[in-house]
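Structure first, then comments.
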Amino acid sequence: MRVDSKKIEEAVKMILEAIGVDPSREGLTETPQRVARMYEEITSGYEDNSAVHLAKTFREEGSGLVFEKDISFSSTCEHHLMPFFGKVHIAYIPDGKVVGLSKLARVVDVYAKRLQLQERLNAEIADAVYKELSPKGVMVIVEGEHTCMTARGIKKVGSKTVTSAVRGNITEDMKLEILSLIK
């Protein structure tokens, strides 16, 4: 998906006019171009593929739980086009192969750099890890702070939304262990 910068620039100029400011005012003259570049950056995940990042694996027999926590992310809520951000925690139980740890963070970015819902972001990360690594099980937990809830609307600053997705064989004991490791 290619970003049409000119369309974004025209739209931003129209928004500025619609809220009653002069787009030619100093400080605003380059805003449409800056916003277009921003959208190219924050939607770059549409041009990326998580399978590419998870393709290189390493044989590892007998490995227990692999847990990577506090992977920071920022994304854009598709309902209000406002940022949400937080941490992703990924746990998986390998079934003979593991992946480089930086690759898990790259998978988070693939899906976070799209217009998103936290629930979908959570599921897409879990599905990608489960499909590409074929682990015995995977659990992904996302903690997000949504500016569409903290900076507008109800304005509950500091509130967080927590979602989780489980694929494969993750027992209740493993879930409790994973949750205890997040703290």
Side-chain angles (χ1 to χ4, degrees), residues 1-5 7-8 36-148 160-172 174-175 177-179 181-182:
M1 175 175 141
R2 291 291 313 153
V3 171
D4 187 335
S5 295
K7 268 189 176 176
I8 292 173
R37 287 191 306 271
M38 176 197 69
Y39 274 105
E40 187 173 330
E41 180 182 338
I42 68 175
T43 61
S44 62
Y46 289 112
E47 296 182 22
D48 203 349
N49 182 341
S50 62
V52 171
H53 299 293
L54 296 173
K56 178 149 178 77
T57 60
F58 306 95
R59 297 285 317 150
E60 182 59 42
E61 298 300 328
S63 179
L65 179 70
V66 175
F67 182 61
E68 190 166 344
K69 73 178 204 170
D70 295 335
I71 304 168
S72 59
F73 78 92
S74 64
S75 192
T76 305
C77 167
E78 69 180 32
H79 293 155
H80 297 98
L81 297 182
M82 291 187 71
F84 70 100
F85 54 89
K87 305 282 185 190
V88 175
H89 315 286
I90 302 173
Y92 72 99
I93 302 163
D95 192 12
K97 62 182 175 179
V98 295
V99 68
L101 296 176
S102 69
K103 304 308 183 194
L104 296 175
R106 291 185 191 281
V107 169
V108 170
D109 279 349
V110 166
Y111 296 110
K113 298 298 180 196
R114 299 176 181 191
L115 300 181
Q116 266 301 3
L117 300 176
Q118 181 172 325
E119 299 87 343
R120 183 184 321 120
L121 172 66
N122 204 152
E124 287 175 333
I125 295 166
D127 290 342
V129 172
Y130 193 65
K131 178 183 177 196
E132 300 302 326
L133 298 184
S134 303
K136 295 174 183 173
V138 62
M139 183 172 181
V140 176
I141 299 165
V142 178
E143 300 177 67
E145 187 169 331
H146 296 251
T147 61
C148 57
K160 291 198 168 93
T161 301
V162 179
T163 54
S164 67
V166 176
R167 305 291 185 264
N169 186 19
I170 298 286
T171 66
E172 289 303 314
M174 287 180 206
K175 287 179 191 175
E177 178 184 354
I178 292 163
L179 293 172
L181 291 170
I182 290 174

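When every heavy atom of Y39 is checked against every heavy atom of T43, the shortest pair comes out as O-OG1, 2.5 Å. Of all heavy-atom pairs spanning P94 and G64, the tightest one is CD-O, 3.2 Å. The minimum heavy-atom distance between M82 and T147, with the atom names listed, is CB-OG1, 3.4 Å. Between A128 and L54, the shortest heavy-atom contact is O-CD1, 3.6 Å. In plain terms, the two heavy atoms of A91 and F67 that are nearest each other are CB-CD1, 3.5 Å. In terms of heavy atoms, A112 sits closest to L121 at N-CD1, 3.6 Å.
Applying the side chain to side chain contact (heavy atoms under 4.5 Å, CB included) criterion to T161, with sequence neighbours excluded, gives Q118, H146, T163. Residues that satisfy the side chain to side chain contact (heavy atoms under 4.5 Å, CB included) test with D95, not counting sequence neighbours, are K136. Partners of E145 according to the side-chain hydrogen bond (donor to acceptor under 3.5 Å, both in side chains) rule, which considers only residues two or more places apart in sequence or in another chain, do not exist here. Judged as a side chain to side chain contact (heavy atoms under 4.5 Å, CB included), and not counting sequence neighbours, the contacts of R120 are E78, Q116, L117, E124.
The salt bridge (charged side-chain N to carboxylate O under 4.0 Å, His left out) pairs that include a residue from residues 105-118 number zero, where partners must be two or more places apart or lie in different chains. Listed by first and then second residue, the side-chain hydrogen bond (donor to acceptor under 3.5 Å, both in side chains) pairs involving residues 82-93 are H89-E143 (not counting sequence neighbours).
For the pair S75 and F85, the minimum side-chain heavy-atom distance is 4.5 Å or more. Looking only at side-chain heavy atoms (C-beta outward), V140 and V129 stay at 4.5 Å or farther from each other. In this structure the side chain of I178 reaches within 4.5 angstrom of the side chain of I141, judged on heavy atoms. E119 has its side chain out of reach of N122: every pair of non-hydrogen atoms, C-beta onward, lies at least 4.5 Å apart. Considering only heavy atoms from C-beta on, R167 comes within 4.5 Å of D127 through its side chain. Residues I170 and V138 are not in side-chain contact: their nearest non-hydrogen atoms beyond the backbone lie 4.5 Å or more apart.
The pair E40-R37 fails the salt-bridge criterion, with no side-chain N (NZ, NE, NH1 or NH2) lying under 4.0 Å from an Asp/Glu carboxylate O. Between K175 and E177, no side-chain nitrogen of the basic residue sits less than 4.0 Å from a carboxylate oxygen of the acidic one, so the salt-bridge criterion is not met.
Other residues, nucleotides and ligands contribute at most 12 non-hydrogen atoms within 6.0 Å of the NZ atom of K160.
A distance-only check finds no donor-acceptor pair linking the side chain of D70 to the backbone of V88 [under 3.5 Å]. Side chain of Y46 to backbone of L115: a donor-acceptor contact under 3.5 angstrom is found.
Atom CD1 of I71 is separated from atom NZ of K69 by 11.5 Å, given to the nearest 0.5 angstrom. One distance of note links OH of Y111 with OG of S50; it measures 2.5 Å at 0.5 Å rounding. Atom CG in L104 sits 5.0 Å away from atom CD in E68 (nearest 0.5 Å). Atom CG of L65 is separated from atom CD1 of I93 by 6.0 Å, given to the nearest 0.5 angstrom. Interatomic distance, L81 CG to H79 NE2, rounded to the nearest 0.5 Å: 10.5 Å.
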Give the intermediate values and the outcome of side chain to side chain contact (heavy atoms under 4.5 Å, CB included) for residues I90 and V108.
CA-CA 10 Å; I90 302 173; V108 170; 4.0 Å; yes
List the steps, then state whether side chain to side chain contact (heavy atoms under 4.5 Å, CB included) holds for E41 with S44.
CA-CA 5 Å; E41 180 182 338; S44 62; 5.6 Å; no
